[in-house]
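All chains are named by letter (A, B, ...) in the order of the sequence lines, taking the proteins before the strands, and each is independently numbered beginning at 1. Quick caveat, the model's predicted, so the values are computed rather than measured.
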Amino acid sequence: MAEEDQFEPVIVGFFCNWCTAAAADLAGTSRMQYPPNVRPIRVMCSGSVDPVYVLRALLGGADGVIIGGCPPGDCHYVSGNYRARRRMAILKTILATLGLEEERVWVRWISAAEGAKFSRTMNELTQAIKKLGPNPMKRDWSI
Amino acid sequence: MVKLNSVLVIGAGAGGIKASLDLAEAGFKVYLCDRSPAIGGALIRMDRWFPDNHCGLCQMLPAFSTDDSSRFCLRRGLIHPDIELMPLTEVKEVAGQAGDFRIGVTSRATGVTPELCIGCGLCAGVCPVETAREFNEGLAPRKAIYPPHPGVLPYVYTIDWDSCTKCGACVAKCPTQAIRLKEGEVIRQLRVGAVILATGFEEFDPVLATQYGYQRYPNVITGIELERILSPSGLTGGELLRLSDNRAPGSIAFLQCVGSRDSRKDYCSSTCCMFALKEATLLKQANPQVDIHIFFMDIRAFGKGYYRYYEQARDELGVKFTRSRVPVIREDPPTRNLVLTTIEENGALAKRQFELVVLSVGQTPAPGFQELCQVLGVEVNKWGFCRSELFSPVATTREGIYVCGSASAPKDIADTLVEAGAAADQASGWLARRRVPPTPPEEAMESDAEEAPRLGVLLCDCGQEITSVLDLEEIAEFSRQLPDVAWVARVPYLCYTDAWQRPAKELRKHKVNRLVIGACSRYFNTRLGEIGLNSSAVQKVNLREHIAWVHGDNPKVATEKAKSLLAMAIELARAPEPEPASPVNVHPRALVIGGGLAGLTAALSLARHGIEVHLVEKSAGLGGNLKQICYTLEGDDPQALRENIIARVKTDRLIQVALETELMEVGGYAGNFEVSLKGKESLLHSLEVGAIIVASGGEEYRPTEYLYGQNKNIITQKELEGKLFSAKLDPRNISSVVMIQCVGSREKERPYCSRICCSQALKNALRLKEGNPDIEVTVLYRDMTSYGFQEEYYTRAREKGMTFVRYEPESKPEVRPEGERLVVEVAEPVLGGRLILEPDLVILSPAIIPPENTPLAWTLGVGLNEDGFFQEAEVKFRPVDFLTEGIYVCGLAHSPRGMGESITQAQAAAQKAVSLLTREQLVSGIAVSETIQRQCSQCELCITVCSYTARMKDVESGEVVVRGALCRGCGACVVACPSGAAKLRGFKDRQVFSLIDAAF
Ligand code: FES
């Protein structure tokens, strides 16, 4: 357990401008505490997250990745989130072949009103990644 | 007379916001005032909407020149250079006339200077007053000094003077001296050309319905309270718990028509059925076990897609429906459950117990509305709503003042937003257009793509809000080491008015051409001009909301996170700046398809704004369905209207009408369509237009049921109307008629309500009674859908002795000839017997159906819904738009609707087209996509994924090209492209990679 406590994972978050990034702001103004391990990147739409970006993050040593977008049906660009969901489902099948646990990649729909869900998700994600331990890439390879 | 270019919109709810955005997009200056401290009205207290359970507020933001307005969720606020928000403001005086009003407004002081308030909240921490909080419907307490709602931008506090005790604790605590405990008003004179009244509604106060025990029984709540409880930003974070014991209720009853459809308020609030259905749907989806029971008189699901929604709730989700009145509710003290006494349809009394009761309260005029109308000099109707006429639904009794939404009659958001568009259209007729030729995106002063990046980093202390958690000195030091960083500075409060003066000088001195700001969630774009940079040269990191305020207990790791985020932003800022995409020209000409009421109205609106219109009509004459409408329920004269608008269309030199002409082909895109038209006799000819309005209409279903066509005494409502009007039929010669509703509507093959047939039946029935008070009229119906003020006529019909007998869809009335007579037999669900009638006439109310729309939809490249009507971009928030920009829809082509509703929708569609066509050029946003031609394999995947038809194959070059003006910069194509040829300007893979790499 002690090791787990010390391990501070680095998680990359791709958050869509219209919903999840706004939820992050709302969590902020509502001062909902969550662990500082997630590095948010604002993207216009979850559908603009290329699986290659996720791989880049994981191969580069990120311990986890989360993609946050608008709830199904609410994407500002109509269907970007559905495409994101499909892509990430496929990506997960590839992760295994790289020796990475698919649980390192999360896809969550968090609307602009869901500040609490945002902070809860960040908490759960950080806990889950801490449990999984550091990205094995960091240990096995030197990049 | 000089024409002004500004307009005042009163009320910043759904209608007010939409009208303001439409007007600002069309190039006018808007003052948007509201009595409350923030925009949003009823809109931001709801999270999802019927009939799709989605949120779509952001769809209201401009589709063209997207960078003009703030690009974030409208719940948080709205920033637009042409919309001046005036919170806490009321209209006190109106002088002048249409085109030149002088309006005196007073704005109450908020007590907090917005330029000084940093939103730290220390004041609320020391405020001793706790009071009910309106955002959460009084369910959660708040302080007397508070942010209007938790997500508001800018995040600034305000004082509620009614509960403030002026103890001064907050003044002493405020680190920025932003608070002044002095009430006061600022009086201003506005000069505007027109006014739009969009004050919305107030919910009926259920305390007045004492029999329900609202406020006496904690587990009796209203629909909007339920909404707030269910909201993720609400009291319980989205979990439904009873107020009495924090337990999740297992059974819930909804009571409809509380404060509507009774003797005091003899109108229908039009929205409560759907609102209750939505709540029930969301509750059932969250927990299928919960028992939900709706007690109602008639389900009025008359909007587009609403009836399907009702069926889904009933048949798939298992929401129970009982037709009964509920005269009284009592609490069972030990359990605090509620016992409902119900009077069932057959008159039997029953008692049922529920753990929670939700009252579906109706809409009433907003408080102070009468006084406001007096100030404005507009009349109200007998219910206290703003008076308007059926054929000019958004006009008030005073020229130049328009109304939209629930201010004139109860209505839902979809109808409100259509009216808002129409009001914007009508109001802009009084305004001077000041559209200046669009300038290409401003050039950055000191920077261009070739120049080496020199970065500045500006960090805000935010008093101690950021520094109390983050070691800003360490962060500043870290930033200095990063590549291309030329200058790093700290400011105590970056949001202050004078905060940018010194940095501006320093920036110039250090020749900084890109800037990274580390501050809060404030919108700094409007201030970038002061430092001579444009928004694409600036990156922002939200050190406060994303770090300091949420990681207070872990300063060390938080500081590390801040460093990473700054490093990432710096990587982005180092990237070369995009060259602006070149603007495209607009053909200032419109094509209107369809010469019925909607098409004619749209054409006239367009012409009024100086747009050349080509109106094509398939048939040999103008007027469409209007030809056969002889009178209305409300007593208007449709034929006079028809003659008037046809005459105006024919004499307008800007409108060219082509009869017996059809659209054969459409090429191009918004602003630049090329259409081919074919007349009966003439050859194919083509035309360049900037916008297309689809008003191709609908038609009446020709019944195959009830022996229609086989017996001359079985006719449709329209036929009856014609006969009565032309005096071919004398009511005195008839002794009884039976009307059958929902013929072809609300059936398996047509699961929608045709919306107008109930009012049509009432209108004809009353007409018959007028001609012969002794006629026996029996109406066989399923749900009488006399929504809004039509309810009064339903009451009148009953008073006049008409009989209304309900039938179940499973046991439809049977019509058969018996010798000379007609016999109608129907199972009477109330008493359980069978009713046998022998009327002289059987009158059917057939559905409104779409014509075969597929070929036209194909030609236009737009979609149809399951019922064959045209499919708009978003059911509520973009009701007249298609996803393909530049094409708009109105009238029966969209869905069944009444005449007034067709007129408003036509005006709303015209407004959209005008706002596009009065642009000389379309300028694209900064982040638009492009194609790297040498990498493109022309697989066209990018064309498929684009929701906005911004990508196309150029016929001549064969290349896949981007129509910059249509691109919204979502990046879908970039990810879809397998060869890396689709790119967002200024956002190349390389940059994203270095950005990601900087994260750790
Ligand atoms: S905009 Fe949020 S997922 Fe597409």
Heavy-atom pairs under 4.5 Å with chain A: which of B/A972, B/C973, B/G151 has the most?
B/A972
Using a cut-off of under 4.5 Å for heavy-atom pairs, which of B/C55, B/A873, B/S947 has the most such pairs with chain A?
B/C55
Quick one: does A/D74's side chain have a donor or acceptor within less than 3.5 Å of a partner on B/H54's backbone?
no
Nearest 0.5 angstrom please: A/Y77 OH to B/C58 SG, how far?
8.5 Å
Proximal component of B/V945, with respect to chain A [non-hydrogen, under 4.5 Å]
both
Between CG on residue A/N37 and CZ on residue B/F1000, distance to nearest 0.5 Å:
13.5 Å
Please answer whether the main-chain N or O of B/P150 pairs with a side-chain N or O of A/T29 as donor and acceptor at a distance below 3.5 Å.
yes
Quick check: do B/I996 and A/F14 have side-chain heavy atoms less than 4.5 Å from each other?
yes
Under 4.5 Å from any heavy atom of chain A, what part of B/R968 do you find: side chain, backbone, both or neither?
both
Examine whether an atom of A/A23 lies under 4.5 Å from a heavy atom of chain B, and if so say whether it belongs to the side chain, the backbone or both; otherwise answer neither.
neither
Taking atom CG of B/L995 and atom CD1 of A/I41, what is their separation to the nearest 0.5 Å?
4.0 Å
For A/A24 and B/H546, work out which heavy atoms get closest and say how close.
CB-NE2, 3.6 Å
Side chain / backbone / both / neither for B/D553 at chain A, heavy atoms under 4.5 Å
both
May I ask you to name which of A/M44, A/R39, A/M122 has the most heavy-atom pairs under 4.5 Å with chain B?
A/R39
So which of A/A62, A/P71, A/A116 has the largest heavy-atom pair count under 4.5 angstrom toward chain B?
A/A62
Turns out that what part of B/F72 lies under 4.5 Å from chain A's heavy atoms comes down to backbone
If one checks every heavy atom of B/R544 against chain A at 4.5 Å, the contacting part turns out to be neither
Ordered numerically, the heavy-atom neighbours of chain B under 4.5 Å found in residues 79-91 of chain A are A/S79, A/R83, A/R87
Quick test of your reading of the model: are B/E465 and A/R31 salt-bridged, counting only N-O distances below 4.0 Å?
yes
Specify which of B/E874, B/R71, B/Q59 makes the most heavy-atom pairs with chain A at under 4.5 Å.
B/R71
When rounded to the nearest 0.5 Å, the distance separating CG of B/L57 from NE2 of A/H76 is 11.5 Å
Tell me, side chain or backbone of A/P40 under 4.5 Å from chain B's heavy atoms, or both, or neither?
both
Using a cut-off of under 4.5 Å on heavy-atom pairs, state which of A/M32, A/R56, A/E114, A/K117 scores highest against chain B.
A/R56
Could you tell me the separation between the NZ atom of B/K556 and the CD atom of A/E8, rounded to the nearest 0.5 Å?
8.5 Å
For B/E239, is the CD atom crowded, meaning more than 12 foreign heavy atoms sit under 6.0 Å from it?
no
List the atom of B/V550, the atom of A/A27, and the distance in Å for their closest heavy-atom pair.
CG1-O, 3.7 Å
Show, in sequence, the C-alpha distance, side-chain angles and deciding distance for A/V78 and B/L883, and conclude whether the side-chain contact (heavy atoms from CB on, under 4.5 Å) test is met.
CA-CA 9 Å; A/V78 189; B/L883 274 176; 3.7 Å; yes
Greatest number of non-hydrogen atom pairs under 4.5 angstrom with chain A, of B/A562, B/S521, B/A999, falls to B/A999
Under a 4.5 Å cutoff for heavy-atom pairs, which residue among A/C45, A/G115, A/A113 has the most contacts with chain B?
A/A113
Heavy-atom cut-off 4.5 Å, strictly under: side chain, backbone, both or neither for B/L153 against chain A?
neither
Closer than 3.5 angstrom, by distance alone: can the side chain of A/Q33 be matched with the main-chain N or O of B/G552 as a donor-acceptor pair?
yes
Using non-hydrogen atoms and a 4.5 Å limit, figure out which bit of A/C75 sits close to chain B: side chain, backbone, both or neither.
backbone
Among A/V12, A/N17, A/D25, who wins on heavy-atom pairs under 4.5 Å with chain B?
A/D25
